[in-house]
Amino acid sequence: MTGSEIPKEYNAAEIEIKWMNEWDLSMYHFDWADKTRPQYIIDTPPPYPTGNFHIGNSLNWCYIDFVARYKRMRGFNVMFPQGWDCHGLPTEVKVEETHHITKNQVPRAEFRKMCEEMTEGNIIKMRNTMKRLGFSNDWSNEFITMEPSYYVKTQRSFLKMHEKNYVYHEEHPVNWCPRCETAIALAEVEYRENVTKLNFLYFSLAEDENEKVHIATSRPELLCACAAVAVNPDDARYGKFVGKELVVPIFGQKVPVIPDVDVDAEFGTGAVMICTFGDKQDIRWTKTHNLKITKAIDRNGKMTAAAGKYEGMSIPECKANIIEDLRCNGFLYEQQDLDQNVGLCWRCKTPIEILSEMQWFVKVNPEEILSGADQIEWIPEYMKVRLENWTSTMEWDWCISRQRIFATPIPVWYCNKCNEVLIADDSWLPIDPTQEKPPVACPKCGANDFHGETDVFDTWMDSSLTALHVSGWDSDHELRLPTQLRPQGHDIIRTWAFYTILRAKAIENKIPWDTIMINGMVLGPDGHKMSKSLGNIISPEDVLIEHSADAFRQWGALGGSVGSDVMFRWNDVVSASRLIQKLWNIYRFSLSNMDGFGTKDAASFDVSKLKQIDYWLLSKLNGLIDDVTGAMEVYKFDDAFKAIRVFAWDVLADNYIELVKGRLYGADADGKAAARFTLFTAVSTLTKILAPFTPFLAEEMYSRIGEGSVHQQGWPAKIDGLPADAEEKGELIKGITSAIRCYKSDNKMALNAPLKKIEIYNAVVDAADISNTVTSPTDLIEGAPEFESVPVEVKPNMGMLGPMFRDKAGAVIGALKALPPKEAEEMKAAGKVVVTAGGEQIELGADSIEIKKEMVSAGREIEILHVDEAVIVIVK
RNA sequence: GGGCUCGUGGUCUAGAUGGUCAUGACACCGCCUUUACACGGCGGAGGUCCUGAGUUCGAAUCUCAGCGGGCCCA
């Protein structure tokens with residue numbers, strides 16, 4: 001191979017697209033039949049198919065890909081599956097926008113179809129980005145949660161959990177948008193500052209209507225749903241009322257006065273009416289005090305029959321009427337302005353209500369989840385605390401029903417005759433109860449008249465099943481749980497990680513993964529979270545257009561340690577691109593000097609024929625293999641890649657190649673062969689060790705030096721038979737060369753300007769490589785030079801003196817530093833250092849100090865440099 | 001308000017188990033076009049290690065408090 005065949009410029013765009021099209025991706029497939037290699041299954045978290053594989057996903061996928069490629073090279077049977085978590089509100093909203101409809105205007109099945117079509121298009125776009133970024137996904141194990149083949153498992157898992165008594169059906173408060181007629185998640189509630197009226201009312205005591213309690217409320221329209229009045233137990237004003245009953249104005253129901261420490265005695269009158277449900281605090285009180293639930297508002301935001309004569313009114317209408325009636329009847333005695341934070345639907349800005357609805361729940365067993373979390377390795381470790389805190393403060397069980405359409409149907413029917421709940425039989429799955437009737441009669445009353453459950457599963461029910469799915473649960477394959485790795489962001493520990501552990505424990509009583517690797521968030525170049533409003537969003541495509549996938553991936557590796565938030569910096573990508581070009585130049589130089597030397601020649605090469613600096617380079621290379629391997633084992637991709645960068649640029653390019661050029665260009669056949677072997681070994685090792693990080697560059701490099709794909713090669717092995725002093729000698733050669741270069745720079749000389757002569761004393765090293773590199777005749781002279789050596793500084797040994805003298809150490813160190821250097825040297829030579837500190841004479845051993853010495857040139861036209869024990873004389 | 005996390009030259013960052021001159025990258029300045037590379041090489045300048053107190057002979061490193069940023073959750 002000659003240099004002329006290798007282009008000077010590394011054309012990343014061209015080369016990356018070439019390999020993307022040429023690669024046979026089946027080389028990344030997991031082999032279910034293989035019993036020899038250990039399995040390494042990754043529970044890839046399926047992204048939501050927005051159509052846009054964003055930079056946060058990309059960082060996460062970089063981490064996964066580094067691990068997947070590394071593990072393959074280490075001989076594991078790796079599965080890096082790709083899934084798509086399709087169901088959810090954002091797609092429903094997008095479909096409504098695109099088709100200018102609301103979901104209730106079209107049949108459910110039709111709306112679902114629209115959502116599916118949009119999702120399919122989005123998945124195609126995202127797949128393309130992923131392939132372009134060089135991720136080594138196993139596409140034979142792709143899963144799409146909206147497909148019956150996947151959601152049948154969600155439904156089956158529901159049946160399994162029901163059998164095991166994890167599932168129940170109960171009335172429960174939900175955030176409800178009366179306009180959209182759906183429950184919405186807490187995350188979908190937006191808050192706005194608002195001013196409302198705080199109304200001061202009289203409630204009279206049931207046993208004595210002349211005795212009044214003053215109540216302040218902002219929600220008088222909920223009077224009909226008032227279930228109790230709460231006061232602070234320490235509030236002296238109300239102590240006498242506790243345990244007695246009050247009569248609610250207008251509606252006349254009797255409600256108890258109850259004590260509760262959560263009541264703020266300072267707010268309003270200090271007496272609070274608890275209703276179904278004015279706010280979240282009402283939910284807590286209703287639950288803790290087991291209060292009666294009265295539904296005053298229906299799903300359309302209208303007052304129910306419970307509101308008596310106000311039935312059918314909208315909430316604001318009812319509020320105005322009730323206030324008027326309270327005033328007329330003398331119940332209202334004052335109104336004040338009140339600042340409040342009102343919860344709005346994020347889509348239509350309608351104030352949300354808290355309604356009580358029948359919902360399906362999954363029991364949360366904190367002990368089970370915590371013990372599961374303990375058996376999992378957390379990377380980084382401190383992330384486990386987040387799960388523990390969340391788990392131990394869970395107030396409620398997991399509500400798995402949602403009032404949506406594009407989601408996995410809950411396979412349940414209700415008998416119209418007797419209200420019996422009929423849960424689907426396993427053999428009927430997959431099934432949509434809104435589209436199909438059950439094939440049996442009601443087991444309780446024998447009727448054949450059902451209505452299907454219109455609520456659907458929370459999307460987490462699909463996505464918390466991935467660990468089971470990818471490890472072969474409910475398939476023809478044997479179950480391979482636990483999987484080895486779950487990579488995911490720290491923002492979803494409380495949801496995704498939590499639910500997945502819960503499900504694996506509930507269904508198979510196993511942990512889902514051996515290890516969970518948590519990635520941080522990607523911040524914009526300004527250090528803030530990327531957002532449309534800040535305008536700091538950068539997409540992977542932006543980076544691909546200007547640079548390359550390999551450069552982007554380096555940013556992923558170097559941006560920060562796993563778990564920490566990573567800023568996107570163009571700088572990192574620019575410097576990554578430069579490294580790629582630098583690596584290419586190293587590669588180009590090396591191959592152009594090989595003259596046919598290749599893998600076979602390297603295999604039969606006699607290592608004992610190498611020169612000192614060759615040994616040094618190979619020893620450094622061994623160190624690199626150790627460092628990168630060690631870092632990869634603990635998911636420190638930044639450390640791993642930094643080590644590669646330092647080796648390639650600093651060690652190999654700036655030092656070894658410069659030192660070895662003389663031999664490569666020279667006539668000495670042995671020296672040349674040694675250099676070729678060393679260079680070839682370094683380049684081929686670099687190619688393999690780069691493969692997990694920069695798969696395109698590595699493949700391009702490997703294509704000229706090896707057979708097949710670099711991504712099917714084994715991880716590089718260390719070179720045996722290096723002398724023990726390899727690094728020491730090499731460092732000295734490097735140090736001497738560097739000192740001479742530094743001398744030239746200080747004296748404003750060109751780097752290649754020849755010096756008359758260089759003499760190296762007191763260093764047994766190869767002078768030939770040095771001589772070539774500094775372009776000057778160089779003599780190696782045994783022993784010390786005949787110049788006067790002058791001690792110039794005393795350096796006390798802190799590590800030894802500190803513990804020895806403790807509080808007196810400061811004085812001793814000071815006294816040692818103050819010694820005349822010449823005197824100190826004599827004492828050290830005699831093996832005994834005596835010093836006076838704090839009026840006391842102290843005797844120390846020779847190792848208590850180091851003496852720094854310099855040579856003086858004694859009038860000759862020379863310059864003297866010091867590198868460790870070696871002395872370099874430059875003759876001008 | 002709670003939990004977790006971070007705070008090191010202009011910017012970003014390394015710095016387990018406390019020890020002599022605090023790492024590197026980018027930017028900056030000077031010199032150098034030497035047959036891999038000027039997207040390069042060599043050299044240089046630049047730091048109250050957030051603040052305060054404490055532990056210690058000695059703290060960027062350990063403890064406490066405060067200030068400030070980030071994420072998640074109320």
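Throughout, protein chains are lettered first and strands after them, A, B, ... in sequence-line order, and every chain is numbered starting at 1.
- The gap from the C1' atom of B:rG18 to that of B:rC31 amounts to 41 Å, rounded to the nearest Å.
- Between A:D458 and A:Y499, the side chains place no donor N or O within less than 3.5 Å of an acceptor N or O (distance only, hydrogens not considered).
- Contact of the A:D260 side chain with the A:I274 side chain is not registered, since no non-hydrogen atoms from C-beta on lie closer than 4.5 Å.
- Atom NE2 of A:H490 and atom P of B:rC4 are 14 Å apart (whole Å).
- Within 4.0 Å of A:W570, counting heavy atoms only, lies no atom of the nucleic acid at all.
- There is no side-chain donor-acceptor pair under 3.5 Å between A:H172 and A:D397.
- Comparing B:rG41, B:rC71, B:rC73 by their nearest atom to the side chain of A:K582 picks out B:rG41.
- Picking from B:rC39, B:rC26, B:rA14 the nucleotide with the shortest atom distance to the side chain of A:R645 gives B:rC26.
- Base contact: A:A653 has a heavy atom under 4.0 Å from a base atom.
- Atom pair A:D491:CG and B:rG3:P shows a separation of 21 Å (rounding to whole Å applied).
- Two residues, A:R494 and A:E658, neighbour RNA chain B, and the one matched to the more 5' nucleotide by heavy-atom proximity is A:E658.
- Across the protein-nucleic acid pair, A:Y587 atom OH and B:rA36 atom C1' stand 13 Å apart, rounded to whole Å.
- Of the N and O atoms on the side chains of A:N585 and A:Q581, at least one donor lies less than 3.5 Å from an acceptor on the other residue.
- With C1' as the reference atom, B:rU13 and B:rU17 are 23 Å apart, rounded to whole Å.
- Across all strands, A:S590 comes closer than 4.0 Å to no nucleic acid atom at all (heavy-atom distances).
- Comparing B:rG46 with B:rC12, their C1' atoms are spaced 16 Å from each other, to the whole Å.
- Contacts of A:M800 with the nucleic acid, taken as non-hydrogen atoms under 4.0 Å apart, are absent.
- Here CE of A:M632 is found 13.0 Å from CG of A:D627. Values are rounded to the nearest 0.5 Å.
- In the set B:rG41, B:rC71, B:rC39, the nucleotide with an atom closest to the side chain of A:D565 is B:rC71.
- For the C1' atoms, the distance linking B:rG69 with B:rA27 amounts to 24 Å, nearest Å.
- Residue contacts shown for A:K8 are limited to sugar-phosphate atoms, with no base heavy atom under 4.0 Å away.
- At the phosphate of B:rG41, OP1 or OP2 sits under 4.0 Å from a side-chain N or O atom of A:W649.
- Closest contact between the side chain of A:R578 and the listed nucleotides B:rU20, B:rC42, B:rC39 involves B:rC39.
- Residue A:Y382 is classed as a sugar-phosphate contact, given heavy-atom separations below 4.0 Å to backbone atoms only.
- Side-chain N/O atoms of A:K808 and base N/O atoms of B:rC57 include no donor-acceptor pair closer than 3.5 Å.
- Within 4.0 Å of A:D639, counting heavy atoms only, lies no atom of the nucleic acid at all.
- Residue A:R569 is classed as a sugar-phosphate contact, given heavy-atom separations below 4.0 Å to backbone atoms only.
- The gap from the C1' atom of B:rG10 to that of B:rU55 amounts to 35 Å, rounded to the nearest Å.
- Atoms CD1 and CG, on A:I849 and A:L816 in that order, are 6.5 Å from each other to the nearest 0.5 Å.
- A donor N or O paired with an acceptor N or O is not found under 3.5 Å between the base of B:rC37 and the side-chain atoms of A:E9.
- Among the protein residues, A:I493 comes within range of no part of the nucleic acid, since none of its heavy atoms lies under 4.0 Å from any strand.
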